[in-house]
Amino acid sequence: MSEPVIEVRNLWTRFGRQIVHRDINLTVYRGEILALVGGSGSGKTTLLRQMLGLERPGRGEVCVFGKSLHKSDPDELLKLRRRSGVLFQEGALFSALTVFDNIALPMRELRTLEEDFIRDLVLFKLQSVGIEAKHASKMPAELSGGMVKRVALARALALEPELLFLDEPTAGLDPDRSESFVQLLRGLHRELCLTVVMVTHDLDTLAALADRVAVLCEQKLIAVGPVREVAQNAHQFICNFFQGERGRRAVEAAVKREQEQPNACVAGLPEKQGV
Amino acid sequence: MQPAADDSPDLPEFQLVADSQGHAWAKLSGVWNLRALEPLLPGLEGTLSQRAKEASGWDLTGITALDHAGALLIWRAWGRRMVELLKARPEHTALFSQLELPDPTSLQPRRWRVGDPVRALGIGALSFIEHLQGFVVLLGQVALDVLRLARRPEGAPWKEISANLYRTGAQALGITALVGFLVGVVLSYLTAQQLRAFGADLYIVNLLGVAVIRELGPVLAAILVAGRSGSAMTAQIGVMRVTEELDALSVLGIPHTLRLVLPKMIALAIAMPLLILWTNAIALIGGMVSAQAQLGIDYRYFIMSLPAAVPIANLWLGLAKGFVFGIFIALVACHFGLRIKPNTESLGQGTTSSVVTATTLVILIDAIFAVMFSDMGSFV
């Protein structure tokens with residue numbers, strides 16, 4: 001079985017009086033794509049931000065690559081950060097920099113790469129996310145929504161991370177673009193054997209990408225496991241989420257994909273995780 | 001190449017091996033990803049491309065991890081093309097097959113040309129004209145809005161005017177008082193030394209009175225407001241552009257000038273004269289305190305002789321200037337705010353230009369007033 005990359009242990013979060021997470025335990029294994037789903041306000045994005053170390057949980061801890069995010073010293077934390085990449089929902093490209101400089105920035109920050117090498121690497125990254133080199137000198141404001149996502153993905157991958165976080169990767173894209181973006185993510189995942197944690201609302205994205213789903217509802221993780229198993233859970237939220245027409249189609253698609261193209265990056269995942 | 005005296009499997013390794021036919025094979029093994037390569041990179045690339053010439057075939061089957069950076073490094077060692085004799089895992093071959101990069105020289109920054117300064121000057125002049133034009137258009141739109149409101153006053157944005165009045169006027173009382181008081185003290189202190197030399201102590205009331213009421217009070221207050229409220233207005237409108245709130249207003253059929261520009265302008269036109277009155281008073285108090293300490297001039301005498309020393313026309317002139325300053329500071333701030341493009345750099349640039357332009361404009365208008373009304377309020 002694969003080794004754990006992220007371990008969330010006994011995590012509690014509260015905003016003022018309102019409890020958002022109540023004793024959450026979750027493990028993400030190397031090479032898998034884990035989708036976090038849940039109703040709006042269920043704390044998916046907060047949990048993602050806690051895994052990134054942007055927010056601190058009230059109680060409990062988050063370990064990434066076996067190191068606690070809250071007990072590590074700044075140097076160690078920096079090393080951890082360089083091993084993970086994030087695709088923010090709106091892209092979060094630096095609006096004052098060109099596409100090229102946006103992707104080159106993290107590489108230049110390493111201070112060991114030569115400019116010549118960086119130039120080739122940026123072009124390679126752009127190519128691998130399907131952006132032509134002629135767009136490299138554009139400013140983010142001149143790009144369409146789909147291109148912003150692709151460039152943001154290229155930046156997230158700039159330092160060759162092993163761990164990739166995606167916040168609503170297909171939100172705001174039309175079905176066609178969303179489909180091709182999902183294909184791109186699948187391709188890159190296979191090529192680079194990334195571990196991916198994504199937050200998503202979109203059933204099609206979920207079906208096309210996720211190896212496992214974690215469902216957040218009523219402050220708890222109510223189910224964790226492969227799509228086909230989670231979909232059979234009798235919980236009200238899961239029923240509403242998966243039992244509609246679109247939900248059923250998505251589950252079928254996920255099961256079919258699982259059989260036809262199993263995730264080659266994972267040695268074996270636990271079938272069901274105690275919640 | 002043996003990168004380091006370390007046999008841990010987490011390092012990239014390179015060996016030249018001869019096969020049975022005597023061909024030299026470059027055998028790469030270990031981890032070829034950015035994290036492992038990064039510390040070795042400075043020397044690694046040169047060594048690799050040198051060794052590449054000796055090898056006739058490449059065996060990459062020993063590589064356990066390969067990412068874009070590693071693939072790129074090897075591909076560059078091959079001379080930016082695929083090699084013919086290559087043994088590699090299929091997923092690694094896939095990485096190499098994508099490598100068909102355009103010539104990076106196409107991305108070189110444009111070189112300096114002789115005509116550039118001329119072009120820059122032309123662009124500068126055109127942009128100045130464009131600003132002027134935009135400013136006049138804005139002024140015209142606001143004038144039309146005022147006319148529309150005069151006919152239907154119930155549609156006036158009273159709430160916004162009141163909110164702006166509080167933000168730009170009431171909240172500026174503290175800083176204008178502090179600066180006014182200090183300037184009054186300094187001015188009085190310095191003139192007192194000169195006047196004592198001539199035995200003209202009593203004239204300090206005239207000097208301070210005219211200087212503060214006619215010039216210093218209005219200009220000081222206006223510059224403070226331009227820096228404080230002007231920048232805030234520009235930034236506010238600019239952020240509204242970034243978050244598409246301006247577009248939302250447009251599609252709701254609410255003109256920007258009516259809801260955003262006009263309230264700010266009216267509020268500043270009211271607040272500015274009042275702030276000037278306040279600054280004048282505090283600056284004179286500062287001067288009075290300093291005059292008493294330096295020259296022993298009684299507070300009572302200072303206050304009683306002020307009306308005789310400073311003709312009332314000076315006060316009206318100062319307040320009128322404040323009215324005009326207020327209108328122009330608000331208009332300039334809104335003009336630059338509305339021109340901000342949805343990116344962070346433009347926001348910073350717009351705010352800076354707004355404050356600089358508003359401050360310059362205040363001084364310019366003050367000079368115009370000084371020339372136009374030079375014979376008014378003099379005390380001969």
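First the proteins, then the strands, lettered A, B, ... as listed; each starts at 1.
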Would you find more than 12 non-hydrogen atoms of other residues, nucleotides or ligands less than 6.0 Å from [X] atom [atom1]?
X: Arg257(A); atom1: CZ; answer: yes
X: Glu114(A); atom1: CD; answer: no
X: Glu55(A); atom1: CD; answer: yes
X: Glu244(B); atom1: CD; answer: no
X: Lys138(A); atom1: NZ; answer: yes

For chain B, which residues from residues 146-163 of chain A have at least one heavy atom closer than 4.5 Å to it?
-> Ala158(A), Leu159(A), Glu160(A), Glu162(A)
Under 4.5 Å, heavy atom to heavy atom, which residues of residues 79-95 of chain A contact chain B?
->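 Arg83(A), Ser95(A) fall under the 4.5 Å cut-off.
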How would you list, by chain and number, every residue that makes a salt bridge (charged side-chain N to carboxylate O under 4.0 Å, His left out) with Arg241(B), sequence neighbours excluded?
->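 Counting only residues at least two positions away or on another chain, Arg241(B) forms a salt bridge (charged side-chain N to carboxylate O under 4.0 Å, His left out) with Asp247(B).
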Leu73(B) portion near chain A, given a 4.5 angstrom heavy-atom threshold = both
What part of Asn33(B) is in contact with chain A, defined as an atom under 4.5 angstrom from a non-hydrogen atom: side chain, backbone, both or neither?
->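 Neither; nothing under 4.5 Å.
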Where Ala69(B) and Phe117(A) come nearest, the two heavy atoms and their spacing |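 Looks like O-CZ, 3.6 Å.
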Among Glu45(B), His92(B), Arg76(B), which has the most heavy-atom pairs under 4.5 Å with chain A?
-> Arg76(B)
Take Leu66(B) and Leu192(A) through the test side-chain contact (heavy atoms from CB on, under 4.5 Å) and record every step on the way to the result.
-> CA-CA 8 Å; Leu66(B) 183 70; Leu192(A) 303 170; over 6 Å; no
Kindly determine whether Met107(A) and Leu34(B) satisfy side-chain contact (heavy atoms from CB on, under 4.5 Å), including the steps that lead there.
-> CA-CA 10 Å; Met107(A) 301 176 186; Leu34(B) 186 63; over 6 Å; no
Would you call Glu345(B) and Leu97(A) a side-chain contact if the rule is heavy atoms closer than 4.5 Å?
-> no
Side chains of Leu188(A) and His68(B): closer than 4.5 Å at any heavy-atom pair?
->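 Yes, side chains in contact.
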Between atom CG of Asp67(B) and atom CZ of Phe124(A), what is the distance when rounded to the nearest 0.5 Å?
->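 If I round to the nearest 0.5 Å, the distance is 9.0 Å.
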Value rounded to 0.5 Å, distance of CG in Leu72(B) from CD1 in Ile118(A) =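 Reported to 0.5 Å precision, the distance equals 11.5 Å.
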Residues in ring-ring contact (aromatic ring centres under 6.0 Å, His included) contact with Phe65(A), at least two apart in sequence or another chain =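 Once residues adjacent in sequence are excluded, Phe65(A) has no partner under the ring-ring contact (aromatic ring centres under 6.0 Å, His included) criterion.
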